[in-house]
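In what follows, chains carry the letters A, B, and so on, assigned in the order in which the sequence lines appear, proteins first and then strands, with residues in each chain numbered from 1. We use all heavy atoms of the structure for the numbers below, so side chains are in, but hydrogens, waters and symmetry mates are not.
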Protein chains: 2
Amino acid sequence: MKKFIPILKSTKLFAGVTEDEIAAMLSCLDARLGEYQKGEYVFREGEHLNHITVLISGELHIQRDDYWGNRTIINRIAVGEMFGEAYIAPESGALLNDVLAVEDSTVIFFDVRRIITVCSSACRFHSMVVQNLFFAISEKNKALIRKLGHISKRTTREKLISYLSEEAKRRNSANFTIPFNRQQLADFLSVDRSAMSNELCKMRDDGLIEFEKNQFRLL
Amino acid sequence: MKKFIPILKSTKLFAGVTEDEIAAMLSCLDARLGEYQKGEYVFREGEHLNHITVLISGELHIQRDDYWGNRTIINRIAVGEMFGEAYIAPESGALLNDVLAVEDSTVIFFDVRRIITVCSSACRFHSMVVQNLFFAISEKNKALIRKLGHISKRTTREKLISYLSEEAKRRNSANFTIPFNRQQLADFLSVDRSAMSNELCKMRDDGLIEFEKNQFRLL
DNA sequence: ATAAATCGGTTGTATTTACAACGGAAAAGA
DNA sequence: TCTTTTCCGTTGTAAATACAACCGATTTAT
């Protein structure tokens with residue numbers, strides 16, 4: 001577990017906490033390791049969570065498959081990001097989505113109650129982590145609102161423009177690589193893959209964008 | 001301001017805090033009153049927030065109008081609920097939506113920093129409010145995920161079923177009244193009003209639902 | 001090295017949707 | 001009360017989308 005401390009230090013959850021302090025907290029927060037192969041589910045819809053999950057390596061998708069097999073990718077968890085903040089309330093109920101490892105992944109679980117209940121020693125770094133968690137949920141909230149902004153657009157083209165513009169803005173460059181393949185992007189934007197693929201090409205023909213594989217350029 | 005204390009006591013933010021304690025906190029949290037007429041904007045997209053807003057009376061819509069006049073209703077704030085939790089982080093940036101009073105409304109603003117910075121006296125109720133805020137953001141997070149579930153459905157009928165089913169489940173009854181008129185519901189589900197109206201009637205003809213005005217019944 | 005699976009683009013068709021326009025009923029305002 | 005506005009359903013048409021099916025290229029597995 002100790003070898004992951006440098007990675008933990010770089011996460012939003014432990015921002016401003018030293019490696020020594022993190023080491024001290026590992027047992028305090030009942031940290032446990034989890035390893036998942038590509039294609040394995042970390043959690044399934046309907047489960048009850050008691051842990052905050054921090055991704056150490058790999059990649060996770062928060063997603064949901066409906067009765068007819070239509071998949072919706074709610075969100076994507078990259079290395080250093082976390083999952084489960086929406087379920088910290090005691091009566092927060094069952095998990096609304098599946099959590100899938102789309103790459104071989106390593107995660108660390110932290111006991112929620114131990115995080116939000118300030119420990120007896122009332123350590124400085126503990127309250128720091130609570131505040132970090134606070135801001136992280138808040139930030140995820142905004143990410144969801146931004147995502148709503150994309151998929152509430154009426155046409156596929158508008159959805160694509162909305163998404164790609166934001167990515168460009170976020171990376172601060174008209175050139176960027178997206179973390180989705182075509183099917184995943186379609187699932188993320190809630191559209192049909194082939195129709196989306198088609199629209200992407202039309203947008204290229206119209207001189208709006210250029211792309212090759214997952215690399216895009218806005219014109 | 002004091003006359004609103006009973007209402008504040010019933011909100012999620014002040015759950016478990018006595019009226020006396022709330023009274024003591026009002027100045028501590030720099031509480032300020034705001035009144036808005038139906039149709040007035042409480043906030044506009046692009047503003048920077050420093051306050052948590054609690055709705056005392058009336059109703060608010062969190063929404064966004066795009067360049068072409070298409071409106072998206074992100075969320076609805078009912079009496080006792082709050083807004084602004086997603087913007088508590090210091091570097092959380094500008095407001096992503098408008099906040100509109102859809103009825104004559106009264107709100108109370110609380111200074112964010114004073115909430116999340118535990119006051120020198122480290123009062124019991126203050127830490128209670130912090131935890132309440134924690135859970136409230138968490139809950140709002142889930143509300144957004146549920147909403148994503150609705151509008152990521154492919155057809156208007158599926159969106160309606162998804163939304164109506166959840167309402168029925170939430171009210172624990174197949175009979176319920178929704179808080180939107182047709183145009184608002186369409187804006188909430190990101191579909192065209194007339195097409196949605198049409199689909200609702202088809203669903204009635206198909207024996208799936210009954211409705212009159214805003215009152216619905218699932219069959 | 002070969003086979004198998006994944007991925008991205010293309011096409012045609014049936015379905016669904018947006019959009020515009022209209023009218024009657026109900027509600028709000030004068 | 002009378003007028004005006006809002007609300008909701010209806011219709012027709014053009015546009016956009018989902019869906020299925022297919023293919024070549026690339027990647028992955030054996």
Side-chain angles (χ1 to χ4, degrees), chain A residues 37-39 59 61 65-73 100 102-104 150-162 164 177-206 208-216, chain B residues 37-39 61 65-73 100 102-104 150-162 164 177-206 209-216:
Chain A
Q37 292 189 321
K38 179 175 179 174
E59 182 176 353
H61 278 183
D65 298 319
D66 73 14
Y67 189 80
W68 298 271
N70 289 316
R71 170 165 292 178
T72 305
I73 297 176
L100 175 72
V102 288
E103 304 292 344
D104 290 351
H150 301 145
I151 72 172
S152 64
K153 292 279 187 291
R154 300 306 214 273
T155 66
T156 300
R157 176 174 292 211
E158 282 178 315
K159 289 175 188 172
L160 284 166
I161 289 175
S162 178
L164 294 174
T177 302
I178 65 171
F180 297 124
N181 64 30
R182 293 291 185 277
Q183 183 64 61
Q184 291 170 338
L185 181 57
D187 291 341
F188 185 76
L189 296 178
S190 290
V191 294
D192 178 73
R193 180 194 61 79
S194 64
M196 186 192 77
S197 194
N198 200 260
E199 191 63 33
L200 276 172
C201 292
K202 283 186 197 163
M203 288 167 72
R204 182 181 49 196
D205 297 344
D206 290 350
L208 289 174
I209 60 175
E210 287 174 0
F211 61 88
E212 191 183 323
K213 297 246 183 192
N214 296 355
Q215 182 145 4
F216 286 78
Chain B
Q37 294 190 320
K38 179 175 178 173
H61 278 183
D65 299 318
D66 73 12
Y67 188 80
W68 297 271
N70 289 316
R71 170 166 293 180
T72 304
I73 298 177
L100 175 72
V102 289
E103 302 294 343
D104 290 351
H150 301 145
I151 72 172
S152 64
K153 292 279 187 290
R154 301 304 216 272
T155 66
T156 301
R157 177 173 293 212
E158 282 179 314
K159 288 176 188 174
L160 284 166
I161 289 176
S162 178
L164 294 174
T177 302
I178 65 171
F180 296 125
N181 64 30
R182 293 291 185 278
Q183 182 64 61
Q184 290 169 339
L185 180 58
D187 291 341
F188 184 75
L189 296 178
S190 292
V191 294
D192 178 73
R193 180 195 61 79
S194 64
M196 186 193 76
S197 194
N198 201 263
E199 192 63 33
L200 276 172
C201 292
K202 284 185 195 164
M203 288 166 71
R204 182 180 51 198
D205 297 343
D206 291 350
I209 60 174
E210 286 173 0
F211 60 88
E212 190 183 325
K213 297 247 181 191
N214 297 354
Q215 183 146 3
F216 286 79

Quick one: which of dC19(C), dC8(D), dG8(C) gets closest to the side chain of Asn181(A)?
dG8(C)
Out of dT10(C), dG9(D), dG8(C), whichever nucleotide has its closest atom nearest the side chain of Cys201(B):
dG9(D)
Spacing between [X] atom [atom1] and [N] atom [atom2], to the nearest angstrom:
{"X": "Arg154(A)", "N": "dA20(C)", "atom1": "CZ", "atom2": "P", "result": "12 Å"}
{"X": "Lys202(B)", "N": "dT10(D)", "atom1": "NZ", "atom2": "C1'", "result": "11 Å"}
{"X": "Leu185(A)", "N": "dC7(C)", "atom1": "CG", "atom2": "P", "result": "14 Å"}
{"X": "Ile209(B)", "N": "dG9(D)", "atom1": "CD1", "atom2": "C1'", "result": "14 Å"}
{"X": "Gln183(A)", "N": "dT26(D)", "atom1": "CD", "atom2": "P", "result": "21 Å"}
{"X": "Gln215(A)", "N": "dG8(C)", "atom1": "CD", "atom2": "P", "result": "14 Å"}
{"X": "Asp187(B)", "N": "dC7(D)", "atom1": "CG", "atom2": "P", "result": "11 Å"}
{"X": "Asp192(B)", "N": "dA15(D)", "atom1": "CG", "atom2": "P", "result": "16 Å"}

Can you work out whether Val191(A) or Phe211(B) has the more 5'-proximal nearest nucleotide on DNA chain D?
Phe211(B)
Residue whose closest nucleotide on DNA chain D lies nearer the 5' end, Ser194(A) versus Ser194(B)
Ser194(B)
Closest to the 5' end of DNA chain C, once Glu199(B) and Lys38(A) are matched to their nearest nucleotides, is Lys38(A)
5' priority, DNA chain C, between Lys213(A) and Asn198(A) [closest heavy atom]
Lys213(A)
Determine, step by step, whether Arg182(B) and Asp187(B) satisfy the side chain to side chain contact (heavy atoms under 4.5 Å, CB included) criterion, reporting the C-alpha distance in whole Å, the side-chain angles of both residues, the deciding distance to 0.1 Å, and the verdict.
CA-CA 9 Å; Arg182(B) 293 291 185 278; Asp187(B) 291 341; over 6 Å; no
Describe the nucleic acid contact of Thr155(A) in one word from base, sugar-phosphate, nothing, applying a heavy-atom distance below 4.0 Å.
sugar-phosphate
What nucleic acid atoms does Arg193(A) come within less than 4.0 Å of, heavy atoms only: base, sugar-phosphate, or nothing?
base
List the steps, then state whether side chain to side chain contact (heavy atoms under 4.5 Å, CB included) holds for Ile178(B) with Phe216(B).
CA-CA 8 Å; Ile178(B) 65 171; Phe216(B) 286 79; 3.6 Å; yes
Kindly indicate whether the side chain of Val102(B), heavy atoms from C-beta on, has any atom under 4.5 Å from the side chain of Lys38(B).
no
Gap separating the NZ atom of Lys153(B) from the NZ atom of Lys159(B), nearest 0.5 angstrom
10.5 Å
Evaluate side chain to side chain contact (heavy atoms under 4.5 Å, CB included) for Asp206(B) paired with Arg157(B), printing each intermediate quantity in order.
CA-CA 12 Å; Asp206(B) 291 350; Arg157(B) 177 173 293 212; 2.9 Å; yes
Could you tell me whether the phosphate oxygens of dC8(D), OP1 or OP2, come under 4.0 Å of any side-chain nitrogen or oxygen in Ser197(B)?
no
